[in-house]
Amino acid sequence: MEYGTYFLCAALSVLMGCAAAAAGYKKHKTGTKAAVLCIFGAALFGVLGARLYYIACYHLPGAGMGGRSFVSDRPYEYAACGAVLGAMAGCALGARLSRLPAGKALDILAPGAALALVLERISEVFADSAWGEEILDEQWQFFPVALRDAYGDWYGAVNLLEAAAALAVLLAFLRPRLRRDGSLFALTLLWWSMGQILCESLRAETLRWGFVRVQQVQCAVFGAAVILWALKRVKGTARAVLPAIYLAGVGAVIALEFALDRLPWPRWLDYALMALSLCLMGAAGHTAVRRAEGETALK
């Protein structure tokens, strides 16, 4: 199958995200050099990261590339978590070269990066992949609940749920009142990761190591990293309580993943409980960042 339409839309998604980020850098008067280096670095490393992450996870050591080239014409051979990691690294490198605080550079980039993710997920309607399980019940075979593949079969439109989740994060943090550099990006990454954990569970095809969904684990690591970063400036019992809540949520999500199709309750209940657990995990991370903001304000 040809994926030219998808890659064109994905490229436009990145360009629109870059344009939004450029407006942010202009608004904050960081200078042209800083804006160009941070945006170009994020875009370039984001694309490279998406592909390298897939290669590193799928082609295990010793397995090789099987004769495949580095550049792939298959949408499912790129990974969103790799794009996020690459964009972070590229923006941080651009900030360092332009002598701009990395946290501030990432904060300014966050809305544009979220916009690019929203549009890229919508573009996946042309990718014939990244969808959920096949929907056999005709009453649910309609857009935007389901998407039709090249053979006329209907599958759950998980990519549109991912787009909606990323859009919710974008809108929630468009005008935050944060003092510490890096807090906006941290909250954006945190809540995007929580939504992505649920969406990864709904995907029919995704990166796996056995039964482990790799990007689910990666998103849990993102959330943990946000908490650890924030708690460096937090004092008191919160330093123990908030990580404990987060870890309890991780344990609940793992248990619920194993419970899918194994326990005699409806799948919607399993996913509802998973969503609740993820909300608690996100709340723990959010509280950690806000508490760190409070400590910063007192100094």
Side-chain angles (χ1 to χ4, degrees), residues 53 57 79-82 84-85 87-89 91-92 101-104 106-107 109-110 113-114 117 162 165-166 168-170 172-173 176-201 207 209 211-260 270-299:
Y53 192 96
C57 294
C81 285
V84 171
L85 286 169
M88 291 169 60
C91 181
K104 182 176 182 179
L106 287 168
D107 280 348
L109 180 73
L117 280 170
E162 291 171 319
V169 173
L170 171 62
F173 300 114
R177 297 179 180 178
L178 301 170
R179 298 180 179 86
R180 184 185 177 193
D181 286 348
S183 292
L184 172 59
F185 183 83
L187 289 176
T188 302
L189 177 63
L190 170 71
W191 285 109
W192 175 80
S193 298
M194 297 303 100
Q196 193 60 33
I197 289 174
L198 179 63
C199 292
E200 283 291 330
S201 181
L207 277 173
W209 287 339
F211 59 83
V212 177
R213 294 173 182 259
V214 178
Q215 294 189 90
Q216 266 192 324
V217 176
Q218 181 67 71
C219 287
V221 171
F222 282 149
V226 169
I227 288 183
L228 293 176
W229 172 79
L231 289 180
K232 288 181 179 180
R233 297 198 179 195
V234 175
K235 300 177 182 178
T237 58
R239 291 177 64 89
V241 173
L242 295 177
I245 294 174
Y246 188 86
L247 290 175
V250 170
V253 171
I254 293 173
L256 290 165
E257 279 288 342
F258 277 105
L260 283 169
D270 197 293
Y271 284 120
L273 292 172
M274 191 181 298
L276 177 61
S277 300
L278 291 166
C279 286
L280 292 174
M281 291 164 61
H286 194 108
T287 301
V289 174
R290 286 297 189 177
R291 289 289 296 271
E293 283 288 303
E295 295 290 339
T296 302
L298 293 175
K299 293 184 179 180

How close do [X] and [Y] get, heavy atom to heavy atom, and via which atoms?
{"X": "Leu109", "Y": "Ala87", "result": "CD2-O, 4.3 Å"}
{"X": "Leu190", "Y": "Gly285", "result": "CD2-C, 3.5 Å"}
{"X": "Ala230", "Y": "Ala292", "result": "O-CB, 3.4 Å"}

Which residue, Leu184, Val234, Ile227, Leu187, forms the side-chain contact (heavy atoms from CB on, under 4.5 Å) with Val289?
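Among Leu184, Val234, Ile227, Leu187, the one that satisfies the side-chain contact (heavy atoms from CB on, under 4.5 Å) with Val289 is Leu187.
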Under the side chain to side chain donor-acceptor pair (under 3.5 Å) test, residues paired with [X] that sit two or more places apart:
{"X": "Asp270", "answer": "Trp265"}
{"X": "Ser183", "answer": "Glu293"}
{"X": "Ser201", "answer": "Glu257"}
{"X": "Trp192", "answer": "none"}

With sequence neighbours left out, write down each residue that passes side-chain contact (heavy atoms from CB on, under 4.5 Å) with Val169, or none if nothing qualifies.
Phe173, Thr188, Trp191
Intermediate values then yes/no, side chain to side chain contact (heavy atoms under 4.5 Å, CB included), Asp107 and Lys104
CA-CA 5 Å; Asp107 280 348; Lys104 182 176 182 179; 5.5 Å; no
Can you confirm whether Leu207 sits close enough to Tyr53 that some side-chain heavy atom of one is under 4.5 Å from a side-chain heavy atom of the other?
yes
Just distance, no hydrogens or angles: give the donor-acceptor pairs under 3.5 Å from side chains in residues 240-251, sequence neighbours left out.
from: Tyr246; atom 1: OH; to: Ala220; atom 2: O; distance (Å): 2.6
from: Tyr246; atom 1: OH; to: Ala224; atom 2: N; distance (Å): 3.3

Just do the side chain to side chain contact (heavy atoms under 4.5 Å, CB included) check on Gln215 and Gln196 with the steps written out, would you?
CA-CA 8 Å; Gln215 294 189 90; Gln196 193 60 33; 5.8 Å; no
Applying salt bridge (charged side-chain N to carboxylate O under 4.0 Å, His left out), which residue pairs with at least one partner in residues 211-228 are found, sequence neighbours left out?
none
Please list all pairs meeting ring-ring contact (aromatic ring centres under 6.0 Å, His included) that have one or both residues in residues 211-235, counting only residues at least two apart or in different chains.
Phe211-Phe258
Could you state the interatomic distance from [atom1] ([X]) to [atom2] ([Y]), rounded to the nearest 0.5 Å?
{"X": "Leu198", "Y": "Cys219", "atom1": "CG", "atom2": "SG", "result": "11.0 Å"}
{"X": "Leu280", "Y": "Met194", "atom1": "CG", "atom2": "CE", "result": "11.5 Å"}
{"X": "Arg239", "Y": "Lys232", "atom1": "CZ", "atom2": "NZ", "result": "10.5 Å"}

Could you check Gln218 against Leu85 for side chain to side chain contact (heavy atoms under 4.5 Å, CB included), going step by step and ending with a plain yes or no?
CA-CA 10 Å; Gln218 181 67 71; Leu85 286 169; 4.0 Å; yes
Which residues satisfy the ring pair (Phe, Tyr, Trp, His ring centres under 6.0 Å) test with Tyr271, sequence neighbours excluded?
none
Using a 3.5 Å distance criterion without hydrogens, assess whether the side chain of Trp209 forms a donor-acceptor pair with backbone atoms of Cys57.
yes
By salt bridge (Lys or Arg N to Asp or Glu O under 4.0 Å) - contacts of Glu200 (at least two apart):
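In terms of salt bridge (Lys or Arg N to Asp or Glu O under 4.0 Å), with neighbours along the sequence ignored, Glu200 is linked to Arg203.
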